[in-house]
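Down below is the structure, laid out as structure tokens.
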Amino acid sequence: MNATDQKSCLSRNLAEIQENIAGACRRSGRRVDDVQLVAVTKYAPMEWVELLSSLHSVFGENRPQQLAERAALLPEAQWHLIGQLQRNKVRMAVEHAAMIHSVDSLRLLERIRDVGAQMSRRVRVLIEVNVSGEASKSGFSPDEICQAWPDILKVQKSVSIEGLMTMAPEADDPEEARPYFRQLRELTDSLRSRSAEIIAENPETPAAELPHLSMGMSGDYVVAVEEGATLVRIGSRVFQGLK
Ligand SMILES: *Cc1c(COP(=O)(O)O)cnc(C)c1O
């Protein structure tokens, strides 16, 4: 495949994804502008990402190292970190990522706050929730996040808590993911009420608007949008058919 063919393939894939997102928005009474595609580039060679960057500018990487390298090559794009972050890589992530989707512990969140403060940055983050409870997945359990919520709200000087992220279990039928996505949306609602209670008791506590729900991948993004996703993280579908 030459670069021209590759680019038209990418363009077709993006158009199909956007069309499916638009359909899901219509069915669920949502605005198309409220859903952002994060094109996950972790398995794509840099040449493909460069081609894609003339068509789309929001990318997701799961490793801080590769995100930093690629962000240096394409600094005008927005780079989202979607994979697990070790505490010793926080500086790299804070420097290069527009948003960190994968905050899976209070210790990590506090480290991000400290590094953000040192670098005078307000870091945009999502809290990862393991809704399905699979041992292979990281993230807070729904109970843990409710427990930790007062402490999570407190870190908000150098961190902006913008919502929740989850991954549904792998399944052949995307409908199987729906209950997990719905649970994440409902968890956001209950954390909003919890915030109101915490702030009523302690008015110093900064509020968190929680505008974002990061959920949905190549196999299940349509269902995720129907259930309220504002950020869909799609990798293989974007690059489908490319050679
Ligand atoms: C790889 C990855 C995706 C994208 O997966 P696809 O099935 O290729 O769309 C989304 N989210 C996370 C956290 C990932 O690691």
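None of the values given here were measured: they were computed from a predicted structure. Whatever order the structure lists them in is the order used to number ligands and atoms, beginning at 1.
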For ligand 1, what N or O to protein N or O distances fall under 3.5 Å?
unit_1	atom_1	unit_2	atom_2	d
ligand 1	8 (O)	Ser236	N	2.8
ligand 1	8 (O)	Ser236	OG	3.1
ligand 1	9 (O)	Ser218	N	3.0
ligand 1	9 (O)	Ser218	OG	2.5
ligand 1	9 (O)	Gly235	N	2.8
ligand 1	11 (N)	Arg233	NE	2.9
ligand 1	15 (O)	Lys42	NZ	2.7

Residue pairs passing the ring pair (Phe, Tyr, Trp, His ring centres under 6.0 Å) test with at least one member in residues 88-137, sequence neighbours excluded, are His80-His101
Residue pairs passing the ring pair (Phe, Tyr, Trp, His ring centres under 6.0 Å) test with at least one member in residues 192-233, sequence neighbours excluded, are none
Take atom CD of Gln18 as the centre, draw a 6.0 Å sphere, and report whether it contains more than 12 heavy atoms from other residues, nucleotides or ligands.
yes
May I ask you to check whether over 12 heavy atoms, not counting those of Asp172, lie within 6.0 Å of atom CG?
no
For the side chain of Ser57 and the backbone of Ser53, is there at least one donor-acceptor N/O pair under 3.5 Å apart?
no
So salt bridge (charged side-chain N to carboxylate O under 4.0 Å, His left out) across residues 37-64, not counting sequence neighbours, yields Glu61-Arg70
